[in-house]
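Input: a single structure, listed below in C-alpha cells.
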Amino acid sequence: MAPLQTWLTLLRWDKPSGRLILLIPAGWSLWLLPQAPPPAVLVGWIVLGGLAVSGAGCVANDLWDRRIDPQVERTRERPLASGRISVGAAVVLLAICLLAALAVVLWGLPASSRGLCLGLAIAALPPVLLYPSAKRWFGYPQAVLALCWGFAVLIPWAAAQGTLQGGWPLAAVWVATWLWTFGFDTVYAMADRDDDARVGVRSSALSLGAHAPVVVGCCYGAAAVLLAWAAALQGVNGAFWLIWLVAAGGWWREAQLLQRPALPRSAFGLHFRHQVLLGALVLLALVVGRSGGLAA
C-alpha cells in the first residue's frame with residue numbers, strides 16, 4: 001500500500017484550490033435558485049458529490065497521461081507518472097470515487113429530483129472521463145473541461161428544483177461558468193506550453209498563441225457580466241454589488257497581468273489560485289446579496 005499522502009496526491013486533495021474551484025460554480029447555482037438560500041443539507045451533499053467527482057476526474061486524468069506526465073516538468077512527480085501507485089490500484093480508486101458520487105445521487109439528493117440528477121450524472125460521465133484524452137485530438141481541450149464544469153451548475157439546480165426550467169438565470173450562470181473555466185484552464189495550460197509542444201499534445205494556450213491573454217480577459221469580463229445579470233434577475237440587495245465590483249476588478253487586473261512579457265511559470269499557478277479567491281468572492285456576494293446563510 002502506498003502512503004496516505006500519495007493517495008491524497010493522486011486525488012489532488014493535497015491541493016485544495018483545485019477542489020474548491022469546482023465547488024464554487026455549484027455554490028453560484030445554489031444561491032441563484034428562486035428560493036435561495038438553499039437548505040444546508042443539500043449544500044452538504046453537493047459538496048460531497050463534488051469532491052467525489054473531482055477525485056474521479058483527477059485519477060482519470062493521470063491514467064490517461066501516465067506516459068506523458070513524466071515528460072512534463074510540472075507533472076513528472078505525480079504518483080502514476082513516478083510509479084508510486086500502480087495502474088490497477090488507480091483504477092480501483094477511480095471506481096470508488098464514481099461509486100461515492102453515485103451514492104450521493106441515489107441516497108443524498110431529494111427523491112423528487114433523483115431521476116433527473118441521475119440522468120445528468122450519467123451524461124457528465126463521458127466528458128469527465130474523456131476530457132484528458134482531448135489534448136490528443138482537439139485544439140481546445142479546455143472547452144471540454146468547461147463543459148464538465150457546467151454540470152456543477154446543472155446538477156445542484158436540478159436537485160433543488162426537480163427541473164432544469166430555470167430560465168435566463170440558469171442559462172446565464174451556466175455560460176458564465178463555461179467561460180470562466182475555459183479562461184482559467186487556458187492560463188493553467190500556459191505554464192506547460194513548451195512541454196506540450198515538445199510532447200505533441202494540444203491546448204487552448206497553444207492554439208490561441210499570443211492572443212491567449214486577450215481571450216482569457218474577454219472570458220472573465222463576460223462571465224462577470226453574466227453573473228451580475230443572473231443575480232439581478234433573481235433579486236439581490238446592494239451588498240452584492242459592492243462585493244461583485246471588487247471581484248470584477250480583480251478579474252480585470254488578473255487579465256492585465258497576463259499580458260506582461262516573459263512571465264515565469266510560477267505566475268500561472270498564482271493566477272489559478274487567485275481565480276479561486278475571486279470566484280469565492282462572487283459566491284460570498286450572492287450569499288450576502290440573497291439574504292445570506294443557509295436554510296434549515
Side-chain angles (χ1 to χ4, degrees), residues 2 5-19 21-23 49-102 120-152 178 181-208 212 265 268-269 272:
Q5 181 61 36
T6 305
W7 292 103
L8 294 178
T9 301
L10 181 59
L11 292 167
R12 309 283 202 279
W13 285 356
D14 61 327
K15 296 180 179 179
S17 293
R19 312 293 67 76
I21 211 163
L22 175 63
L23 296 175
L51 289 173
V53 172
S54 174
C58 291
V59 176
N61 182 83
D62 285 10
L63 283 167
W64 275 106
D65 290 351
R66 64 187 184 277
R67 293 186 178 88
I68 293 176
D69 283 346
Q71 305 175 60
V72 178
E73 180 181 345
R74 183 176 58 85
T75 59
R76 61 173 54 119
E77 293 304 320
R78 285 178 174 175
L80 275 167
S82 61
R84 287 177 290 157
I85 289 180
S86 69
V87 171
V91 170
V92 171
L93 183 59
L94 173 61
I96 292 172
C97 289
L98 292 175
L99 287 172
L102 179 62
L120 288 169
I122 293 171
L125 195 56
V128 168
L129 296 180
L130 292 176
Y131 155 69
S133 75
K135 68 181 71 173
R136 295 161 172 81
W137 48 267
F138 184 41
Y140 295 88
Q142 283 65 36
V144 181
L145 181 71
L147 180 65
C148 299
W149 247 246
F151 284 97
W178 192 96
T181 306
F182 181 82
F184 71 66
D185 204 47
T186 294
V187 175
Y188 204 66
M190 289 168 71
D192 298 331
R193 280 180 295 196
D194 293 341
D195 288 330
D196 287 347
R198 176 175 49 80
V199 174
V201 297
R202 305 177 185 183
S203 73
S204 55
L206 286 172
S207 298
L208 292 170
R265 191 184 294 258
F268 304 116
F272 181 81

Response to the item:
Ala89 and Ser86 have their tightest heavy-atom pair at N-OG, 3.2 Å
Worksheet item: Shortest non-hydrogen contact from Ala90 to Leu80?
Response: CB-CD1, 3.9 Å
Could you measure the distance from the [atom1] atom of [X] to the [atom2] atom of [Y]? Nearest 0.5 Å is fine.
{"X": "Leu23", "Y": "Leu51", "atom1": "CG", "atom2": "CG", "result": "5.5 Å"}
{"X": "Leu125", "Y": "Leu120", "atom1": "CG", "atom2": "CG", "result": "12.5 Å"}
{"X": "Leu145", "Y": "Tyr188", "atom1": "CG", "atom2": "OH", "result": "11.0 Å"}
{"X": "Leu129", "Y": "Asn61", "atom1": "CG", "atom2": "CG", "result": "11.0 Å"}
{"X": "Arg202", "Y": "Tyr140", "atom1": "CZ", "atom2": "OH", "result": "11.0 Å"}
{"X": "Ile21", "Y": "Thr181", "atom1": "CD1", "atom2": "OG1", "result": "7.5 Å"}

Is the side chain of [X] donor-acceptor paired with the backbone N or O of [Y] at a distance under 3.5 Å, no angle test?
{"X": "Trp64", "Y": "Tyr131", "result": "no"}
{"X": "Arg84", "Y": "Glu77", "result": "yes"}
{"X": "Arg78", "Y": "Leu10", "result": "no"}

Worksheet item: Any ion pair linking Asp195 and Arg265 (charged N to carboxylate O, less than 4.0 Å)?
Response: yes
Compare all side-chain heavy atoms of [X] with those of [Y] and state whether any distance is below 4.5 angstrom.
{"X": "Val201", "Y": "Pro141", "answer": "no"}
{"X": "Arg12", "Y": "Asp62", "answer": "yes"}
{"X": "Arg66", "Y": "Val87", "answer": "yes"}
{"X": "Thr9", "Y": "Gln5", "answer": "yes"}
{"X": "Val144", "Y": "Leu130", "answer": "no"}
{"X": "Val128", "Y": "Cys148", "answer": "yes"}

Fill in: Results of ring pair (Phe, Tyr, Trp, His ring centres under 6.0 Å) for Phe268 - residues two or more places apart only
none
Discussion item. Please enumerate all residues that pass ring pair (Phe, Tyr, Trp, His ring centres under 6.0 Å) together with Phe182, with sequence neighbours excluded.
Written reply: Trp178
Item to complete: Name the orientation class of the two ring planes belonging to Phe184 and Trp149 (parallel below 30°, tilted from 30 to 60°, perpendicular beyond 60°).
Response: perpendicular
Worksheet item: Among all residues two or more places apart in sequence or in another chain, which pass the side chain to side chain donor-acceptor pair (under 3.5 Å) test with Ser204?
Response: Gln142, Thr186
Worksheet item: Which is it for Trp7 and Ile85 under the side chain to side chain contact (heavy atoms under 4.5 Å, CB included) test, yes or no, and what are the steps along the way?
Response: CA-CA 8 Å; Trp7 292 103; Ile85 289 180; 3.8 Å; yes
Worksheet, complete the sentence: The side chain to side chain contact (heavy atoms under 4.5 Å, CB included) partner of Leu11 among Pro79, Cys97, Ser54, Cys58 is Cys97
